[in-house]
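Structure first, commentary second.
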Number of protein chains: 4
Amino acid sequence: MPSSTGPATEPPADHRKGPRRRGEELEGAILLATLDELTEVGYAALTMERVAARARTGKAAVYRRWSSRAQLVVDACRLGKISEVGLPDTGELRADVLALLRQMSAKMDSPLGDIMRGLLGEMTRDPELAELIRERVHTVGPSTILIILERAVERGEVEPWVLTSRRASVATDLLRNQFLMFGAPVADEVLTEIVDDVYLPLVLSPAPKPPDKAD
Amino acid sequence: MPSSTGPATEPPADHRKGPRRRGEELEGAILLATLDELTEVGYAALTMERVAARARTGKAAVYRRWSSRAQLVVDACRLGKISEVGLPDTGELRADVLALLRQMSAKMDSPLGDIMRGLLGEMTRDPELAELIRERVHTVGPSTILIILERAVERGEVEPWVLTSRRASVATDLLRNQFLMFGAPVADEVLTEIVDDVYLPLVLSPAPKPPDKAD
Amino acid sequence: MPSSTGPATEPPADHRKGPRRRGEELEGAILLATLDELTEVGYAALTMERVAARARTGKAAVYRRWSSRAQLVVDACRLGKISEVGLPDTGELRADVLALLRQMSAKMDSPLGDIMRGLLGEMTRDPELAELIRERVHTVGPSTILIILERAVERGEVEPWVLTSRRASVATDLLRNQFLMFGAPVADEVLTEIVDDVYLPLVLSPAPKPPDKAD
Amino acid sequence: MPSSTGPATEPPADHRKGPRRRGEELEGAILLATLDELTEVGYAALTMERVAARARTGKAAVYRRWSSRAQLVVDACRLGKISEVGLPDTGELRADVLALLRQMSAKMDSPLGDIMRGLLGEMTRDPELAELIRERVHTVGPSTILIILERAVERGEVEPWVLTSRRASVATDLLRNQFLMFGAPVADEVLTEIVDDVYLPLVLSPAPKPPDKAD
DNA sequence: CTCTAAACGAGACGGTACGTCCAGTCTTCGG
DNA sequence: CCGAAGACTGGACGTACCGTCTCGTTTAGAG
């Protein structure tokens, strides 16, 4: 409900009369329009043309700021805080991780799921964009789970070396994979399996010893 | 180079003269054209129009068989055995898994990587298609790793319960996630990390005990 | 309503089972389908494809018998007696002619009007077809008005030379022109004008003398 | 030969470089392309696609201005003055009329004949278009013959009431009918028959008296 | 407080591809 | 072996967007 929150601040119906929007005001209007389009028709059907029309501006004003659909959408998500997740803090590692996975799973079942799929497909074309997308996606999980782990370390639940290990992000990585392969919603049973059968055993076990053979 | 292997069997340049292709012959020609397009321009730039032109037929003949780009590409991959991986058999679990991951990683660095990304993005739109894609993708890893595990079980390296555990496919799942998030090629160091730091500890450890609390 | 009169004689729904229709039976089915299409969608939108589908057969079966849409429609009209007009016989020339024009005008306001327009447009392409169409169109007027005139000659209303004069068909020619230029329905006032202001003065006046100058 | 007259003014071969054509310039280019197509392949084979390609523009630019083939062709004819006829002025009614009919007959034997046939078939579908066509066709005859008649009235050859009578346009109406029914070229003998046997007797005779019975 | 340069809105432009429909031709296979 | 049924090649349909561009207008900010 991006734009429905502030109808009073909407621009007048016809901008040929009245003051013309510029700079940040216009940028905001375009991003809002993008969010509306994303929720209504989804990422795949979002076009620059429709976004411009919805924002009551011209395509040039959009292209001047974002050279591709993907970049526009990434920015719109940032504005909409669409991919924000709360930081669980139950005092126990297992509950924290499970809460995080559930939040992520809920996001994936919203329009954000479509968006994530779509953006992943465009990462090949533009390395810069790829970096942007990774940052976005990472805040939905990896960076959060690190904080969760740090607290567990402070509580003594988890040993410090885990924080820099590949094991740290296995839970969110597996959830992401599950979503991409099987779609949303992800069954809660799957989440508990990931936590209890895979993740907790990994982060609670002692440090692995390096393999005998390098290769 | 799908079609370049057999120029002698290629259809004549102009089908207005000469016998008209039908049924399987035509179907094969279309799929070959699809493979050629995939390798030349990639999945994102593949269009029904170009495929039809390249196969020297009309769009209708293509749409009669495949109602969408994605379905066509899935079938073409099947024909081209693009996603086939060999079954490693070194007599040792670690080497087998590492060999599999390396094969998968190589595939992901070929046009198949693009295709995989693109198809994942279209899974939302069509559940039937989603199932097809899952089957395709699963043969590139999950089904193979199960065989590898079974052999390890026979050798006594791994306990049988692992075969039905979520742990079984963690290696390929993490690799897939790594590719989707960070692109190809996947550093060999990452593969060994996945194997030594995550996968082997998981499948070689004793069975997890169920959590104390259900939720 | 060509086909609605005899649903009992309709072919079974699926001809892949059951005996195939051949020869006259199939021919009749195609012509019926053509009439149905003509009344439903009109001449302009009639296609060989739809006719074949409606007759539950293939296009080749249609093309084997009629090499063009126009020829098919001409035959269908013949079957449907669409262009038939009654022969007025009131005992008076003016009333006969007026009755004929009114009949023709009514026909022109039915689907036949569309058909006539359409066929006239295709006469250029095929001289054989042109001849067919002329015959069809001529029975709706010229040939009938000659009979009317013959009776008037017998009654002594009209002099015999008129029968072989260009004047004989002026009434129907003008009506046809009026329809083609201004569409149907043709106002009754126009019909009486044609009769009283043009046609009767022409056929009731004495024979014209040849012009003084040849050119 | 619409476009062949001015190769020097032709647009550059590739409009992707250089300034884009807009407005009237582009409109003119499209109409020229239409005229060229009309003379080369005729009305029936004229397609929006070929016109756009020939004018080196996109289909959208054509559709934006003309929503149908017929409207485009009508405008192109207007530009090409294809249906223009000279105004004969010999000082004698018979010679004037004959000259007009011969001009019209010549036009009908040119591509304009095809065009006229084709457009007549499309009048049913679109009343607005029908009006446009009528205007076009009317300038090729009816409006001209009225001027001829006016002059004859001034010379005393013809009585004034003829100008507002249906008789005035009988010559051109019959010629048009002759063309549509029997095609072009119309034999010169037919033209003289229309003039000497039908038209002159009609316009030179005294005013008709209204019929005794209204119906 | 002008005057200029940039940004804006609107939408036309030259293209590409869409998915559908149809024209005619050719192949297959049933009767 | 004929012919019915239907798949084939080819191409036009009218629409939607792409990313660029032009046009006139509005606005900010420099002088």
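Small disclaimer: the values here were computed from a predicted structure and weren't measured. Basis for what follows: all heavy atoms, side chains included, without hydrogens, waters or symmetry-related copies. In the text below, chain A, chain B and the rest are named by the order of the sequence lines, each starting its count at 1.
Dashed line: the shortest gap from a side-chain N or O of Arg56(A) to OP1 or OP2 of dG9(E) is not under 4.0 Å. For the pair Thr57(A) and dC8(E), the criterion of a side-chain N or O lying under 4.0 Å from OP1 or OP2 is not met.
For the pair Leu46(B) and Val41(B), the tightest heavy-atom approach, listed with the atom from each and the gap, is N-CG2, 4.2 Å. Between Ser68(C) and Met48(C), the closest heavy-atom pair is C-CE, 3.9 Å. Taking both residues in full, the closest heavy atoms of Ile133(B) and Leu119(B) are given as CD1-O, 3.5 Å, listed atom of the first, atom of the second, then distance. The two residues Leu38(C) and Pro111(C) make their nearest non-hydrogen contact at O-CB, 4.4 Å. Taking each heavy atom of Trp66(A) and Ile30(A) in turn, the nearest pair found is CZ3-CG2, 3.6 Å.
Residues passing the salt bridge (Lys or Arg N to Asp or Glu O under 4.0 Å) test with Arg78(B), sequence neighbours excluded: Asp75(B). Every salt bridge (Lys or Arg N to Asp or Glu O under 4.0 Å) that Glu37(B) has, sequence neighbours left out, goes to Arg50(B), Arg54(B). With sequence neighbours excluded, no residue forms a salt bridge (Lys or Arg N to Asp or Glu O under 4.0 Å) with Arg22(D). In terms of the salt bridge (Lys or Arg N to Asp or Glu O under 4.0 Å) criterion, residue partners of Arg65(B) (sequence neighbours excluded) are, by chain and number, Glu27(B).
The base of dA7(F) has none of its N or O atoms less than 3.5 Å from a complementary donor or acceptor on the side chain of Arg64(B).
Between the CD1 atom of Ile30(B) and the P atom of dA7(F) there is a distance of 14 Å, rounded to whole Å. Nucleotide dT20(F) holds its C1' atom 11 Å from the CZ atom of Arg22(D), rounded to whole Å. Distance, Glu25(B) CD to dC26(E) C1': 14 Å, rounded to whole Å. If you take CZ of Arg21(D) and P of dC23(F), they are 15 Å apart, rounded to a whole angstrom. The distance between atom CG of Leu72(C) and atom P of dA23(E), rounded to the nearest whole Å, is 11 Å. Residue Leu26(A) contributes atom CG, which lies 5 Å from atom P of dC8(E) at whole-angstrom precision.
Of the two residues contacting DNA chain E, namely Arg65(A) and Gly58(D), the nearest-nucleotide position lying further toward the 5' end is that of Arg65(A).
DNA chain F lies under 4.0 Å from no heavy atom of any residue of residues 120-127 of chain C.
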Taking only nitrogen or oxygen atoms into account, show me every contact under 3.5 Å that the protein makes with nucleotides 17-21 of chain E, one pair per line with its distance.
{"from": "dC18(E)", "atom 1": "OP1", "to": "Met48(B)", "atom 2": "N", "distance (Å)": "3.0"}
{"from": "dC18(E)", "atom 1": "OP2", "to": "Met48(B)", "atom 2": "N", "distance (Å)": "3.3"}
{"from": "dC18(E)", "atom 1": "OP2", "to": "Glu49(B)", "atom 2": "N", "distance (Å)": "2.9"}
{"from": "dG19(E)", "atom 1": "OP2", "to": "Tyr63(B)", "atom 2": "OH", "distance (Å)": "2.3"}
{"from": "dG19(E)", "atom 1": "O5'", "to": "Tyr63(B)", "atom 2": "OH", "distance (Å)": "3.4"}
{"from": "dG19(E)", "atom 1": "N7", "to": "Lys59(B)", "atom 2": "NZ", "distance (Å)": "2.8"}
{"from": "dG19(E)", "atom 1": "O6", "to": "Lys59(B)", "atom 2": "NZ", "distance (Å)": "2.6"}

